[in-house]
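Residue numbers start from 1 in every chain, and the chains themselves are labelled A, B, ... in the order their sequence lines are given, proteins ahead of strands.
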There are 2 protein chains.
Amino acid sequence: MYERKIPLTLGCGFELVRQVVNGKWKFMLLYCLHEGITRPSAMERALPGISRRVINIQLNQLIGHGLVSKQDYEEKPPRVEYFLTDLGKSLIPFIIDLGTWGEEHKGTLQLNIV
Amino acid sequence: MYERKIPLTLGCGFELVRQVVNGKWKFMLLYCLHEGITRPSAMERALPGISRRVINIQLNQLIGHGLVSKQDYEEKPPRVEYFLTDLGKSLIPFIIDLGTWGEEHKGTLQLNIV
DNA sequence: CAGAATCCGCTACGATACTG
DNA sequence: CAGTATCGTAGCGGATTCTG
């Protein structure tokens, strides 16, 4: 054998992950759901700076990717709730650990990012 | 107490991580380095579809974030090598585990993404 | 309160060509 | 082989407005 052109058996996995978590607020939205913040209005309060449009778009993408499910109670005034699916839950440990990693290296990183 | 407006102590960490790994090929570049693929030409071969321009841009960002270091041997023909810093190495387990996660749920995810 | 529709600026990325 | 410069494009996300 010569050389492996694509030595990255994980490459496909990387790309899938990248697509799934691609989006400015996806991590935080998933973490909100994990924290029990299930309603859009609550997310808007919990995440200063996010807009309703982006909440909807990114939640819908997460639903499309099978990480989130939606419950519409069809009441008036409207009430809906979003929940993590099992697949979504399986991603939470990564998110928390990555967030912790970011916190721990905040000093080093911020210097460079700012 | 009323309600915590920002219940996400990890929010800042999320944001830092998002900025650091933001980029289509960052995961794969970091994984390349971890695999010992240190030279740009080798990365180009290992990652079909990537361009030299993007390799340089994203590696420089990683350097700026302190995850990667560069060694220029100042020879002719030119030869340079990139390496993971300790900070960069500390991110590798996440990347591998996320790639594995993506691989494991490929079936579920691909249906939705395609 | 949930959410869809519209407009728009910014950036990332790809393609290409060029310098040492 | 390494790296830069330029151009064109698609998409993300912010602001705003409107509906049920």
Out of [options], whichever nucleotide has its closest atom nearest the side chain of [X]:
| X | options | value |
| --- | --- | --- |
| A/Ser41 | D/dA2, C/dC1, C/dA4 | C/dC1 |
| B/Asn56 | D/dG14, D/dG3, D/dA2 | D/dG3 |
| A/Val80 | C/dG3, C/dC13, D/dA2 | C/dG3 |

Worksheet item: 5'-most contact on DNA chain C: A/Arg18 or A/Pro40, nearest heavy atom basis?
Response: A/Pro40
What is the separation between atom [atom1] on [X] and atom [atom2] on [N], rounded to the nearest whole Å?
| X | N | atom1 | atom2 | value |
| --- | --- | --- | --- | --- |
| A/Lys26 | D/dG11 | NZ | C1' | 13 Å |
| B/Glu44 | C/dA15 | CD | P | 12 Å |
| B/Leu47 | C/dG14 | CG | C1' | 15 Å |
| B/Asn60 | C/dC13 | CG | C1' | 16 Å |
| B/Gln71 | D/dG3 | CD | P | 12 Å |
| A/Asp72 | D/dG20 | CG | P | 17 Å |
| A/Arg52 | D/dA15 | CZ | P | 15 Å |
| B/Glu15 | D/dG13 | CD | C1' | 13 Å |

Less than 4.5 Å apart, side chain to side chain, heavy atoms only: is that true for [X] and [Y]?
| X | Y | value |
| --- | --- | --- |
| A/Val68 | A/Leu29 | no |
| A/Met43 | A/Leu33 | yes |
| B/His105 | A/Ser90 | yes |

Fill in: Test side chain to side chain contact (heavy atoms under 4.5 Å, CB included) applied to B/Arg79 - qualifying residues, sequence neighbours left out
B/Arg39, B/Tyr73, B/Glu75, B/Glu81
Worksheet, complete the sentence: A/Asp72 meets the side chain to side chain contact (heavy atoms under 4.5 Å, CB included) criterion, sequence neighbours left out, with A/Glu74, A/Val80
Practice prompt. Take A/Ile50 and A/Pro78, find for each the nucleotide of DNA chain D with the closest heavy atom, and name the residue whose nucleotide sits nearer the 5' end.
Written response: A/Ile50
Discussion item. On DNA chain D, does the nearest nucleotide to A/Lys76 precede the nearest nucleotide to A/Ser51 from the 5' side, or the other way round? Give the residue.
Written reply: A/Ser51
Looking at every strand, decide which applies to [X] at a 4.0 Å heavy-atom threshold: base, sugar-phosphate, or nothing.
| X | result |
| --- | --- |
| B/Tyr73 | nothing |
| B/Lys70 | sugar-phosphate |
| B/Gly23 | sugar-phosphate |

Worksheet item: Is any N or O donor-acceptor pair between the side chain of B/Arg53 and the base of D/dT6 shorter than 3.5 Å?
Response: yes
Fill in: Under 4.0 angstrom between B/Gln58 side-chain N/O and C/dC13 OP1 or OP2
yes
